[in-house]
Each structure stands twice: as C-alpha cells, then as structure tokens.
Number of protein chains: 2
Amino acid sequence: MPEPVNATAAALLGLLRDGPASGYDLYQRAASELGDFWTVTRSQVYRELTALAERGLVTTGEAGARARRDVALTDEGARAFADWLASDPVGEVVRIPLLLRLAFADALPEARLRDMLAGARAAHAARLAEYEEVERAAQEAGAGDRDLVTLRFGLRYERAVLAWLDEDVRRL
Amino acid sequence: MPEPVNATAAALLGLLRDGPASGYDLYQRAASELGDFWTVTRSQVYRELTALAERGLVTTGEAGARARRDVALTDEGARAFADWLASDPVGEVVRIPLLLRLAFADALPEARLRDMLAGARAAHAARLAEYEEVERAAQEAGAGDRDLVTLRFGLRYERAVLAWLDEDVRRL
DNA sequence: TGGAGCATGTAATGAGTTACATGATTGG
DNA sequence: CCAATCATGTAACTCATTACATGCTCCA
C-alpha cells in the first residue's frame, strides 16, 4: 500500500479532477470552493504539488506565460485521491485565541476585556452576515443543499459563537 | 518594544504565575486547564521553554529526579505575559476534515459516506456527553461561571455540530 | 510608455506532531 | 527484585504562514 496523501494534497488532487491547472489557479479555487474550514496558502499549494509530482500523482506541463506551469492529474493520482476520500476524517482542529485569554481573565484589566469581547462579537457578527448574504444569493441562483453544506456549517458555527458570547461570556 | 511572545509560550508563562514547574507539569496543566480549544504537545512545551529561557522570560533551576528541571517566571516574563494577554486575539482556526470530504462527496460511495457521517455523529455525541458530565460535576463542586466559560463554548460547539449533522447534512 | 496592479512562484521561518530514548517507581 | 508503567525530555519530521522576488498586462 502506497503512502497515503495528506488532506491538503488530496484537496488539490480533487480539484484537478476538473482538468489541469496552475498552482495559482488551484490556490484560488481552494479558497473559493473549499471554504473557511479548510484553508490553504499558496506556499502549501506549491509544496504539495512538488511532492505530488515526485510521487507521480500529477504531471507537470511546459512553462507558459509568467512561469505558469499547469499540472494534471495522473491515473495514480486519481486513485490516491479516491483512497484519501474514503479514509476516516480525523484531525478536527478548533483553536480559539479568545478562549485562551479568557482562561487568564483574572489578570486582564476589565476595560480591555470588554473591548476584546466587543471586537470578537463584531467580527463574528460580520462573518455571520456575510454567510447569510452568500446563502441568500446561492438560493436565488438555485443552488442545492449539496452545495450549501459547508455554508450551513459556517452559519451554525457563527450563531453558536455569538450565543456563547451573548449568553455565557457576558456574565463576567 | 521587545518581540511579542506567541500564544503557546504565553500560555506557559500564564501557568507559571502559580509558581515554578517542570515542562511535564506544564504540559499536564495545559491539557487539563486550557481545554480542548487550545491544545499543546509536550514537544511544544519544551521548545517554547527553551526559547523563553534564552530570552530571559523564565529561569531554569537545577536538575532533580529523572532529569526534571523546574522553570520559574521572571519579572520580564510576567511583563511579556501581560502584554500578550492584552493583545488582540487573532488566529482563530477551525479545520474540519469531514467538511473537506463533503466538498467532494460526489466521488464518495454512498455507503462509505453514510458510515463516515455515522462515525462523526457518534464522536461528537460522545464529546458532548463528556462535557455535560463535566459541567454537572463542576456545578456540584460549586464552580462559578468564570470557570465554566470554556466548557460552555464546548457545549455550544458540539450541539451546533450535531444539529448540523442531523438537520443539514442528513438530506444528502 | 511607464507604472500600478495582478499573476506566479520561491525562500525563510514558525508551529505542531510523531517517534524515540531513558531514568524512576511501584505493585506483584 | 524485576517487569510494567509513569515521568521526563529530545530529535526528526510534517505542516502552515510570512516575507520576498519577479514577470506580465493594461490602461492612463
């Protein structure tokens, strides 16, 4: 059994099913199609593509304008993607800097704490509003539930955070 | 202005306010007191402690049993902690492997998908139950809202994920 | 026609995980 | 008294972010 690919590499393979693309393209598509709950940076894209090419899971085409080089999925790459896709989804990460600070709230000046909470509230409310707007637009455009599943997670997440801020954190 | 410390290092400084401790102690305390939304590994603890010692933010004591070496907070370390604590909480990370797979659900065999969702549901339900149990115990022990704020976040998060699984993902 | 901004990629650094090693304790 | 387990730490590796460099395009 060959070494399994990591999730970021697998995501790139998955995107490449739609046809060859440059690292830059893949980066853009990942940002827009994979959503806020699986982010990748450009550097990661290039690193993973290099590694995938070395393993023969993608092939690298000729250089085009601006050093652009398209890569394409190989059969072996498609197989590696399918294996990853069926593998157990492990490694959920939720990391909340605000929560870490609240653990030490005793040492935090009252006023600064209030500011911080207000800032967090505003940021999450803004993201919620953004998601709601995207949902509205998607529904008008006739998107199905399948397309909205990530968005729905985002909506629930942001609402949960806001409820927590308003109902649980408020009383401090 | 000195280079600010990173969040993991800051957490260790924060814990050291209660008195000197070994890396191992700090690791244990971080795991139990900082909760599931800011995890650190043992290796991180030692790496950060080394770096903190080089910067004079902690001092390293003599070796005890089993190569144990306690470190203690310096005044400068306490200042660095306070600075970090008051700084803006940036860098929230939420990373959901299941969501990434759902983005490619078209290529996933029906049965495997169902399994995967069932597994996720079970895992989150178990964590929710665990949190509820901790909450019950804490309340009996007379813990205040201040102590429970992290836990409350966990409760809301797990409930939101379960609702998402049951109400939004179900229909696929 | 030149400079503002987009496209494309690399290098350097930082953070996080896994695997390894080894010395104390302790219960059977 | 020795085997299992706990305590303690290091090394190697993978993953992720930030900073940098440079070539195109296009429009003012």
Side-chain angles (χ1 to χ4, degrees), chain A residues 3-13 15 20-32 34 36-55 58 60-71 84 89-97 100, chain B residues 3-13 15 20-32 34 36-55 58 60-71 84 89-97 100:
Chain A
E3 194 66 8
V5 297
N6 69 40
T8 299
L12 299 176
L13 295 176
L15 292 174
S22 70
Y24 193 83
D25 290 340
L26 291 170
Y27 167 66
Q28 303 285 11
R29 290 190 53 203
S32 91
L34 268 30
D36 291 345
F37 304 104
W38 198 276
T39 60
V40 301
T41 64
R42 267 204 334 279
S43 282
Q44 279 179 282
V45 170
Y46 293 114
R47 175 168 34 80
E48 296 304 337
L49 286 180
T50 305
L52 289 170
E54 271 163 16
R55 294 179 54 184
V58 301
T60 303
E62 284 311 294
R66 300 180 207 204
R68 177 194 178 99
R69 264 172 297 132
D70 280 9
V71 301
W84 167 83
V90 292
E92 188 168 319
V93 169
V94 180
R95 197 151 242 258
I96 313 277
L100 182 56
Chain B
E3 195 66 7
V5 296
N6 68 40
T8 299
L12 299 176
L13 295 176
L15 292 173
S22 69
Y24 193 83
D25 290 340
L26 291 171
Y27 167 67
Q28 303 285 10
R29 289 189 54 203
S32 92
L34 268 30
D36 291 346
F37 305 103
W38 198 275
T39 61
V40 301
T41 64
R42 266 201 340 277
S43 281
Q44 279 179 282
V45 170
Y46 293 114
R47 175 157 41 76
E48 296 303 336
L49 286 180
T50 305
L52 288 171
E54 272 162 16
R55 295 178 54 183
V58 301
T60 304
E62 283 312 293
R66 300 181 207 202
R68 176 193 179 100
R69 264 171 299 134
D70 279 9
V71 301
W84 166 82
V90 292
E92 188 169 319
V93 170
V94 180
R95 197 151 240 256
I96 313 278
L100 182 56

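Sequence lines set the chain letters: A, B, ... in the order given, protein chains first and strands last, and positions in each chain run from 1. Owing to the predicted nature of the structure, the values given are computational and were not obtained by experimental measurement.
Residue side chain A/R47 reaches the base of D/dA16 through a donor-acceptor N/O pair under 3.5 Å, judged by distance alone. Donor-acceptor pairing under 3.5 Å, judged by distance alone, is absent between the side chain of A/R69 and the base of C/dG9. The base of D/dT18 is paired with the side chain of A/S43 by a donor and an acceptor separated by under 3.5 Å.
Looking at residues two or more places apart in sequence or on another chain, you find a side-chain hydrogen bond (donor to acceptor under 3.5 Å, both in side chains) between A/D36 and A/R127, A/Y131. In this structure, B/R47 has no side-chain hydrogen bond (donor to acceptor under 3.5 Å, both in side chains) partners at least two apart in sequence or on a different chain. Remark: A/Y24 pairs with A/Q28 by the side-chain hydrogen bond (donor to acceptor under 3.5 Å, both in side chains) rule, at least two apart or across chains. Under the rule for a ring pair (Phe, Tyr, Trp, His ring centres under 6.0 Å), the partners of B/F37 that lie at least two apart in sequence or sit in another chain are B/F153. Residues forming a side-chain hydrogen bond (donor to acceptor under 3.5 Å, both in side chains) with A/E92 (at least two apart in sequence, or on another chain): B/H124, B/Y157.
Among the duplex regions that DNA chain D forms, those built from at least three successive Watson-Crick or G-U pairs under 3.5 Å are C:1-28 with D:1-28, ordered by first number.
Between D/dT14 and A/N6, no contact under 4.0 Å exists linking OP1 or OP2 to a side-chain N or O. A close approach under 4.0 Å does occur between a side-chain nitrogen or oxygen of A/Y46 and OP1 or OP2 of C/dG9. Between B/R95 and D/dA16 there is a side-chain polar atom (N or O) within less than 4.0 angstrom of OP1 or OP2. Between B/Q44 and C/dA15, a side-chain N or O to OP1/OP2 separation shorter than 4.0 Å is absent.
For the side-chain contact (heavy atoms from CB on, under 4.5 Å) criterion with A/T8, the lone passing option out of A/V40, A/T39, A/T41 is A/V40.
Using modelled atom types, no side-chain atom of B/R29 and backbone atom of B/L34 make a donor-acceptor pair closer than 3.5 Å.
Put simply, CZ on B/F37 is 18 Å from C1' on C/dG16, counting in whole angstrom units. Between the P atom of D/dT10 and the CD atom of B/E48 lies a distance of 14 Å, rounded to the nearest Å. With rounding to whole Å, B/L100 atom CG is found 11 Å from D/dA16 atom P. Put simply, CZ on B/R68 is 13 Å from C1' on D/dC6, counting in whole angstrom units. Atom OH of A/Y27 is separated from atom P of D/dT18 by 11 Å (rounded to the nearest Å). Taking atom CG of B/L12 as the reference point, atom P of D/dG9 lies 13 Å away to the nearest angstrom. Computed from coordinates, the B/R42 CZ to C/dA19 C1' distance equals 11 Å when rounded to whole Å. Taking atom CG of A/L49 as the reference point, atom P of C/dG9 lies 9 Å away to the nearest angstrom.
Nearest to the side-chain atoms of A/T41 among the listed nucleotides D/dT18, D/dT8, C/dT8 stands D/dT18.
In this structure, B/T8 reaches the sugar-phosphate backbone alone: every heavy-atom distance under 4.0 Å involves primed, P, OP1 or OP2 atoms, never a base.
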